[in-house]
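All values below were derived from every heavy atom in this structure, side-chain atoms included, with hydrogens, water molecules and symmetry-related copies excluded. All chains are named by letter (A, B, ...) in the order of the sequence lines, taking the proteins before the strands, and each is independently numbered beginning at 1.
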2 protein chains.
Amino acid sequence: MSLMTIGKLSGATGVKVTTIRYYESIDLLDEPERSASGQRLYGDAAVERLGFIRHARDLGFPVSAIRELISLQVDPGRDCDLVDQIARRQLGEVRRRLTQLEALEAELKRMITACEGGKIASCSVLAALGHHEQCLHEEHAGKEVLAALPSK
Amino acid sequence: MSLMTIGKLSGATGVKVTTIRYYESIDLLDEPERSASGQRLYGDAAVERLGFIRHARDLGFPVSAIRELISLQVDPGRDCDLVDQIARRQLGEVRRRLTQLEALEAELKRMITACEGGKIASCSVLAALGHHEQCLHEEHAGKEVLAALPSK
DNA sequence: CTACAGTCTACAGTAACTGTAGAGGCAAGA
DNA sequence: TCTTGCCTCTACAGTTACTGTAGACTGTAG
Ligand SMILES: [Zn+2]
Ligand SMILES: [Zn+2]
Ligand SMILES: [Zn+2]
Ligand SMILES: [Zn+2]
C-alpha cells in the first residue's frame, strides 16, 4: 500500500487540494500521517473516504449529514434505518426544491413571454417584478429554491 | 405621504429589519431620511423599491442582477433589451438547476428503493454513496444544483 | 546547482443574509 | 413623572462550503 501526497489524492479523487485540507479542518477526514518534513501522506483508505464524501456532496447531502453517515459506517452490525432515513430526508429536500424551481420557471417564463420589447417604461418584465400582487401564487418559491444544496 | 420607521417598512414588505439595513449597506436601497434622533424614516417609494427587490430575490435573481435592473429602471426611454436579457439569463439558470435536481432526484430514489433494510454492512445506500463508478451518469449534477439561488 | 512545481500554515473573501451585544429612543399606562 | 416594554441604533460575529492569497519551505528533474 503506497502512500501519496495531497496532490496525488486530489488527482485521484477530483477534490481540490485546498478542499481536502478544509475537510480535514472540519473533521470530515482524519488527520493523515506526515512525512519527516511535515507533508501529508495518505493511504488508499483516504481515497475511499474522500470518494464517499464527494459523491454524497455531489448528491447535495450537507456536511452534517455526511458526518452522520460516516459515524454510522463504523459499526457495520447496526441496522441501516438511520442511513436510509438520512437519504430519504435528502430526497425530500431535493423534491421540495424541485417543486419550488418549477414554480420559478413558470413565473419567469410567463414574465418573459409577456414582454414584446420596446421601452423600459412599458417592459412587462419590470412591471411583473414590481408588482407581486399580480402573481397567481401565494407563497414564493424562490427563497429556498436556489440554495442549501451544494454549488459548484 | 407618511413616513414610516424601519419596522413599519419591514411589516409592509415582509423583509426583515436587519435585511433592510443590509440592503442599504450594499447600496440596493438608498439611504433614507433620519429623524432627529437618528432613526431611519421611509416614504412610499421605499416600499415600492423594496417590494421589487424582494420579488426579484424570490425569483432567484442574484443581487448583482437586481442592481442592474434597478439601474436600468432609471431611464424609462431606453429599450428593454437588457432587462429581458437578464430575465432570460435567470430563466436559463433556473432551468439548468432543474435539470440537475432531476438527476439528483433520480439517483437518490434509485439508491433508496434498492435498500431493503438490514444491517449497515449490506446497506445499498452506503454502497452506492461509496462507489460512484456504478453511477450511470457521467458528470454529477449536485455540485451546482442546490445553491446559487436564494435560500430561505 | 538551480529552477520550478508542490506543500505548508494562517487568514481573508465569497453570497446573502442572520444573530448578538450594548446603548439609546419612544409611546402608553400607573 | 416614572416605568415598562418594545423599537431602533451601530458594529461585529456567525452561517455554508468552500476558494484564494501570502510568504515560506520542500522535493525533484535537468
Ligand atoms: Zn421587456
Ligand atoms: Zn411572483
Ligand atoms: Zn439501507
Ligand atoms: Zn452518483
Side-chain angles (χ1 to χ4, degrees), chain A residues 3-29 31-42 50 53-67 90 93 97 140 142-152, chain B residues 3-29 31-42 50 53-67 90 93 97 140 142-152:
Chain A
L3 294 176
M4 64 193 98
T5 63
I6 197 168
K8 307 289 178 185
L9 178 61
S10 172
T13 57
V15 178
K16 288 185 187 153
V17 167
T18 48
T19 307
I20 296 173
R21 286 197 281 250
Y22 168 70
Y23 284 158
E24 182 186 324
S25 80
I26 62 170
D27 294 315
L28 263 194
L29 286 177
E31 293 186 12
E33 289 181 54
R34 298 283 185 135
S35 72
S37 63
Q39 298 197 347
R40 290 170 178 81
L41 295 176
Y42 299 92
L50 193 48
I53 293 170
R54 180 167 120 76
H55 197 190
R57 287 293 300 125
D58 281 357
L59 286 167
F61 287 87
V63 166
S64 58
I66 298 174
R67 221 189 293 277
Q90 177 62 16
E93 187 66 13
R97 285 169 204 281
H140 250 130
K143 287 240 150 183
E144 297 213 350
V145 168
L146 292 148
L149 284 168
S151 130
K152 183 177 52 190
Chain B
L3 294 177
M4 63 193 97
T5 63
I6 197 168
K8 307 289 180 187
L9 178 61
S10 172
T13 57
V15 178
K16 287 186 187 153
V17 168
T18 48
T19 306
I20 295 173
R21 286 196 281 247
Y22 168 70
Y23 284 158
E24 182 185 326
S25 80
I26 61 170
D27 294 317
L28 263 194
L29 285 177
E31 293 185 12
E33 289 181 55
R34 298 283 185 136
S35 73
S37 63
Q39 298 197 345
R40 289 169 179 83
L41 294 176
Y42 298 93
L50 192 48
I53 294 170
R54 181 166 118 76
H55 197 191
R57 287 294 299 125
D58 281 357
L59 286 167
F61 286 88
V63 166
S64 58
I66 297 175
R67 221 189 293 276
Q90 176 63 14
E93 187 67 12
R97 285 170 204 280
H140 249 130
K143 288 240 147 182
E144 297 214 348
V145 167
L146 292 148
L149 283 168
S151 134
K152 184 173 50 192

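Remark: C1' of C/dA16 and CD of B/Glu24 are 17 Å apart, rounded to the nearest angstrom. At whole-Å resolution of the value, OH in B/Tyr23 and P in C/dA15 are 14 Å apart. Going from atom CG of A/Asp58 over to atom C1' of D/dC18 covers 14 Å, rounded to whole Å. The CD-P distance, from B/Glu93 to C/dA15, rounds to 14 Å in whole Å. Look at CD1 on A/Ile20: it is 17 Å from C1' on C/dT9, rounded to the nearest Å. In this structure, CZ of A/Phe61 is placed 18 Å from P of D/dT16, rounded to the nearest angstrom. Distance OH (A/Tyr42) to P (C/dG6): 16 Å, rounded to an integer number of Å. In this structure, B/Lys8 atom NZ and C/dC26 atom P are separated by 14 Å, rounded to whole Å.
Distance check: B/Arg40 CZ to B/Arg21 CZ gives 5.5 Å after rounding to the nearest 0.5 Å. With rounding to the nearest 0.5 Å, the separation of CD1 in A/Ile6 from CD in A/Glu24 is 7.0 Å.
The shortest heavy-atom contact between B/Pro62 and B/Gln90 is CD-OE1, 3.7 Å. Nearest approach of A/Val63 to A/Arg57, heavy atoms of both residues: CG2-CD, 4.1 Å.
If you check D/dC18, C/dT18, C/dT7 against the side chain of A/Ile6, the one that comes closest is C/dT7. Listed candidates were C/dT9, D/dT19, C/dT18. Nearest to the side chain of B/Tyr22 is C/dT18. Taking every side-chain heavy atom of B/Arg21 into account, D/dT8 is the closest of C/dC17, C/dT9, D/dT8. For A/Val63, the side-chain atoms get nearest to D/dC18 when compared with the rest of C/dT9, D/dC18, D/dT8. When each of D/dC18, C/dT9, D/dC9 is scored by its nearest atom to the side-chain atoms of B/Arg34, the top-ranked nucleotide is D/dC9.
Across all strands shown, C/dC1 is found opposite D/dG30 as a Watson-Crick or G-U wobble partner, with both distances under 3.5 Å.
Looking at residues two or more places apart in sequence or on another chain, you find a side-chain contact (heavy atoms from CB on, under 4.5 Å) between A/Thr5 and A/Lys8, A/Gln39, A/Leu41.
At C/dA15, none of the side-chain N or O atoms of B/Arg67 fall inside 4.0 Å of OP1 or OP2 (strictly under the cut-off). Listed pair A/Thr5 / C/dT7 meets the phosphate criterion, a side-chain N or O lying under 4.0 Å from OP1 or OP2. When the side-chain nitrogen and oxygen atoms of A/Lys16 are compared with OP1 and OP2 of D/dC18, none of them lie within a distance under 4.0 Å. For C/dC17, neither phosphate oxygen OP1 nor OP2 lies less than 4.0 angstrom from any side-chain nitrogen or oxygen of B/Thr18. Using a 4.0 Å cut-off, no side-chain N or O of B/Arg40 falls inside it from OP1 or OP2 of D/dT8.
Between A/Arg54 and A/Leu50 the shortest side-chain heavy-atom distance does not fall below 4.5 Å.
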- [ ] Could you encode protein contacts along nucleotides 24-30 of chain D as a string, one character per nucleotide from 5' to 3', using B for base contact, S for sugar-phosphate-only contact and - for no contact, with a heavy-atom cut-off of under 4.0 Å?
- [x] --SS---
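Of the possible donor and acceptor atoms, one in the side chain of A/Arg67 sits under 3.5 Å from a partner among the backbone N and O of A/Ile26.
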Task: Evaluation steps, side-chain contact (heavy atoms from CB on, under 4.5 Å), between B/Leu29 and B/Ile53 - done: CA-CA 9 Å; B/Leu29 285 177; B/Ile53 294 170; 3.9 Å; yes
